[in-house]
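Below: the structure, in structure tokens.
Just so you know, ligand 1 is whichever comes first in the structure, and atom 1 is the first atom listed for that ligand.
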Amino acid sequence: MEISITKAAASELKEKPDESDLGFGNLFSDHMFVMTYSAGRGWHDAEIKPYQNFSLNPSAMALHYGQAIFEGLKAYRGRDNKIRLFRPQANLERMNVTAARMCMAQIDPDEVLTALKKLLDIDQDWVPSAKGSTLYIRPAMIATEAALGVRPSTEYLFFIILSPVGAYYPEGFNPVKIFVTDKYVRAVKGGVGHVKTAGNYAASIMAAMEAKEAGYTQVLWLDACEHRYIEEVGTMNIFFKINGEVITPPLNGSILPGVTRDSALTITKAWGLDVKERPITIDEVLKANENNELEEIFGTGTAAVISPVGELYYKGQSISINNGQTGPLAQRLFDELEAVQYAHQDDRYNWMEKLN
Ligand SMILES: *Cc1c(COP(=O)(O)O)cnc(C)c1O
């Protein structure tokens, strides 16, 4: 794939943000990658160019029928000042699974990774160095054919934008309060819960808003049929530690196969812990709590990496997990992942992809 490169003029370069106040997802780097797909021609016009608005036809199919998908991964500036990506192939392969489910065009993961590395090389000064900060990478694809009618678009736009983000927990972990919803559901088997398609997030906003109004940070999602089996927490996968056993729900078709989930499973197995991917009901969690066997709950996802859960609210009852404190397993996993991502220790799982 040939990539044409147009660099922003020096006078157009944005001022670099204050690294102590990056927040999440509000700032974008100087450049972006875009390429265009047309049926019969495949991907073409690959370009790295200054970050800028798109021009879209009002009848672009993504705007009407929701063929819009994305990924999220991060680049880390290591202790040695080298920039590394965390498991980028896993994200690009997952994007193809999402694209296939949404009847969208497949990408070539190797070519897109090469393009991403070029983009990162040009915007490398945007990878922050403050402790816990990273460059969040957002690949996305939208249907751009100008036509009304429910069918696969024959044209797509693929793009990658970069956003420097601060440490999720700058003052150390702050365990989140979780609202277990039995009113809304996120995903159902046979649907699209196992892929990263934009509509899933639009559909989740109302539950999140109601949880927020009630004083909770996130929603815990139960299965759509029986409202008993635990699926995910917010936009993260979920783990429990009950009486020594580490448990996460299996990938049953309505759960997003998180790269962080997979990494947490690999690490906890390597530590010799008793780890199981098995169904777990909200009743089992409440019973374990009554029996003093519920040790920890935490979420896993690229944004926060590990997010300890300090409280659960379900049907009028509130339970405190590990006295609202971060548990030792969540802390140990976070420390291990951080050590790998920022190259404080060897890349023993072979997860990091160097920029050059
Ligand atoms: C992205 C996402 C996750 C976490 O996946 P990672 O690859 O670990 O970032 C979990 N659940 C949902 C619904 C997601 O969208």
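- For the pair R332 and W271, the distance from NZ or CZ to the six-membered ring centre is under 6.0 Å and the angle to the ring normal is within 45 degrees.
- For K49, the salt bridge (Lys or Arg N to Asp or Glu O under 4.0 Å) criterion is met by E47, not counting sequence neighbours.
- At distances below 3.5 Å, at least one donor-acceptor pair connects side-chain atoms of N200 with backbone N or O atoms of V192.
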What side-chain donor-acceptor pairs closer than 3.5 Å can you find for residues 33-45, not counting sequence neighbours?
{"from": "S38", "atom 1": "OG", "to": "H44", "atom 2": "NE2", "distance (Å)": "2.7"}
{"from": "W43", "atom 1": "NE1", "to": "Q106", "atom 2": "O", "distance (Å)": "2.8"}

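- For F159 and F54, the gap between ring centers is short of 6.0 Å.
- Sorted by chain and number, the residues within 4.0 Å of ligand 1 by heavy atom are R94, R186, K196, Y201, E232, T235, M236, N237, L256, G258, V259, T260, G301, T302.
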Would you mind writing out the side-chain donor-acceptor pairs for residues 297-312 within the sub-3.5 Å range, not counting sequence neighbours?
{"from": "S307", "atom 1": "OG", "to": "Y169", "atom 2": "OH", "distance (Å)": "2.7"}
{"from": "E311", "atom 1": "OE2", "to": "Y216", "atom 2": "OH", "distance (Å)": "3.3"}
{"from": "E311", "atom 1": "OE2", "to": "S318", "atom 2": "OG", "distance (Å)": "2.7"}

